[in-house]
Amino acid sequence: MNHRPVSTVGKSTNIAWHECPVGRLDRQKLLGQKGCVIWITGLSGSGKSTLACALSRELYSRGCLSYVLDGDNVRHGLNKDLSFKPEDRAENIRRIGEVAKLFADAGIICIASLISPYRRDRDACRALLPEDTFIEVFMNMPLEVCEARDVKGLYKLARAGKIKGFTGIDDPYEPPSNCEILIQQKDGLCPSPAAMADQVILYLDRNGFLQG
Ligand SMILES: Nc1ncnc2c1ncn2[C@@H]1O[C@H](COP(=O)(O)OS(=O)(=O)O)[C@@H](OP(=O)(O)O)[C@H]1O
Ligand SMILES: Nc1ncnc2c1ncn2[C@@H]1O[C@H](COP(=O)(O)OP(=O)(O)O)[C@@H](O)[C@H]1O
C-alpha cells in the first residue's frame, strides 16, 4: 500500500498537505473578484481604521466581498496573549499575515489594518502571498497630525512616560520602501476618507481584482 508523504513543518512532525477539489480560482469565479491582501500600515492615529472601513463600505456598495482584520480588534481575541514588545508585535503581524493569507485564498479582499512598524515583518507577510496579491498601503501622516488627533489619549500618556514603547514616541516605525499605494497630505490637507478609499479602489480596478 502507498502511503501519503509526510513532512515536518516547524514543530509539527509527520504532517501531510490535503488538496481540495475546489480551489482558489473556483472561489474567485464564484465571487466575481480576486482575493488579495490590502495591508494598511502607519502610526497610531494615521487613519488606518478609517481607510479600512471606508474601503470596505465602498467595496460592499460595488458588490465586492471584503473583510477587515484590524490590529486593535484581533488583539481582543486571537492575539490577546500578545503585548507591544518587539517580539510580540512580530508575532501579532505574523499571525495576522497568516489569517489574511487564508482570507485571500478564500477569494476575499482582505483589509489588514495594523501599525506593523517593522519592515522585515511586513515583508515576511508579503512573501506568504502569491505574487502581486499583497498590496501595501502606507499612511504617510506626520507624527504631529497623529498626535494632535490622539483619539484614545495614548500619545499624551506616552509623552508623560505612562506608556512605555509607544510607536513614534519611544518605539520605532520603519516606513515601507516599496509600497504599492501612498496616502499622504496634499497642500497640508489630509485626503478625505472617501478620497483615500477611491485611491485604493482605483488600484484594485486597474489591476483586475474587482473582476473574477
Ligand atoms: N505601545 C503601543 N504602541 C502602539 N500602539 C499601542 C501601544 N499600546 C497600545 N496601543 C494601541 O494598540 C493599537 C495598535 O495595535 P497593533 O496590533 O496595530 O500594533 S502592532 O502592529 O502590533 O505594532 C493602537 O491602535 P491604532 O491607533 O488603531 O493604531 C493603539 O491604540
Ligand atoms: N482622512 C481623514 N481626514 C480627517 N480625519 C481623519 C482621516 N482619517 C482619520 N481621521 C480621524 O483621525 C482619527 C484617527 O483615525 P483612525 O482611523 O482611528 O487611525 P488609526 O486606525 O491609524 O489609529 C479619527 O478620529 C479619525 O476620524
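Nothing here was measured: the structure is a model prediction, and the numbers come from that model.
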Using a 6.0 Å cut-off, check whether atom CZ of R4 has over 12 heavy atoms from anything other than its own residue.
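For R4, atom CZ is crowded (more than 12 foreign heavy atoms under 6.0 Å).
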Nearest heavy-atom neighbours spanning [X] and [Y]:
X    : Y    : result
C110 : L69  : SG-CD1, 3.6 Å
L114 : I96  : CD1-CD1, 3.7 Å
G42  : S46  : C-OG, 3.6 Å
P172 : T167 : O-CG2, 3.8 Å
V6   : A16  : CG1-CB, 4.2 Å
L128 : E98  : CD2-OE2, 3.6 Å

Test: side chain to side chain donor-acceptor pair (under 3.5 Å). Region: residues 62-72. Which pairs qualify, not counting sequence neighbours?
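Side chain to side chain donor-acceptor pair (under 3.5 Å) check on residues 62-72 returns S49-D70, S56-S66, E58-R62, D70-S113, D72-K152.
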If we check salt bridge (Lys or Arg N to Asp or Glu O under 4.0 Å) with D171, which of these qualifies: K85, R89, K164?
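Only one of K85, R89, K164 forms a salt bridge (Lys or Arg N to Asp or Glu O under 4.0 Å) with D171, namely R89.
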One pair to check against side chain to side chain contact (heavy atoms under 4.5 Å, CB included): I115 and L43. What are the steps and the verdict?
CA-CA 6 Å; I115 297 179; L43 294 171; 5.7 Å; no
Taking distance alone, no hydrogens or angles, what donor-acceptor pairs closer than 3.5 Å link side-chain atoms of residues 134-148 to residues at least two apart or in another chain?
{"residue": "E136", "atom": "OE1", "partner": "R126", "partner atom": "NH2", "Å": "3.0"}
{"residue": "E136", "atom": "OE2", "partner": "R122", "partner atom": "NE", "Å": "2.8"}
{"residue": "E147", "atom": "OE1", "partner": "R159", "partner atom": "NH2", "Å": "2.9"}
{"residue": "E147", "atom": "OE2", "partner": "R159", "partner atom": "NE", "Å": "2.7"}

Cationic N near anionic O, under 4.0 Å, E91 to R94
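A salt bridge is present here (some side-chain N lies under 4.0 Å from a carboxylate O).
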Could you tell me whether the side chain of [X] and the main chain of [Y] form a donor-acceptor pair under 3.5 Å?
X    : Y    : answer
Q199 : L182 : yes
N207 : L204 : no
R24  : A106 : no
Q33  : L65  : yes
K80  : V74  : no
R149 : G45  : yes
S12  : G10  : no
D150 : K156 : yes
D105 : K101 : no

Do any pairs count as a ring pair (Phe, Tyr, Trp, His ring centres under 6.0 Å) and have a residue in residues 142-162, sequence neighbours left out, and if so which ones?
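Of all non-adjacent pairs touching residues 142-162, those that pass ring pair (Phe, Tyr, Trp, His ring centres under 6.0 Å) are Y155-F166.
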If hydrophobic clusters are built from ILVMFWY residues whose side chains come within less than 4.5 Å, do F103 and L55 share one?
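Different clusters.
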What distance do [X] atom [atom1] and [Y] atom [atom2] have between them, rounded to the nearest 0.5 Å?
X    : Y    : atom1 : atom2 : value
N178 : R119 : CG    : CZ    : 8.5 Å
Q28  : I108 : CD    : CD1   : 11.0 Å
N92  : L82  : CG    : CG    : 6.0 Å

Return each pair, listed once, that meets salt bridge (Lys or Arg N to Asp or Glu O under 4.0 Å) where at least one residue sits in residues 13-22; pairs must be two or more places apart or across chains.
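Found none.
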Between I93 and W39, is there a side-chain heavy-atom distance shorter than 4.5 Å?
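Yes; the side chains approach each other to less than 4.5 Å.
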Validation row: L210, K34 side chains within 4.5 angstrom (heavy atoms)
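A side-chain contact under 4.5 Å is absent here.
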Could you work out the complete set of other residues in the hydrophobic cluster of L30, with links drawn between I, L, V, M, F, W and Y side chains under 4.5 Å apart?
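Noted: L30 shares its cluster with no other residue.
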With S192 via side chain to side chain donor-acceptor pair (under 3.5 Å) - residues at least two apart:
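Not a single residue meets the side chain to side chain donor-acceptor pair (under 3.5 Å) criterion with S192.
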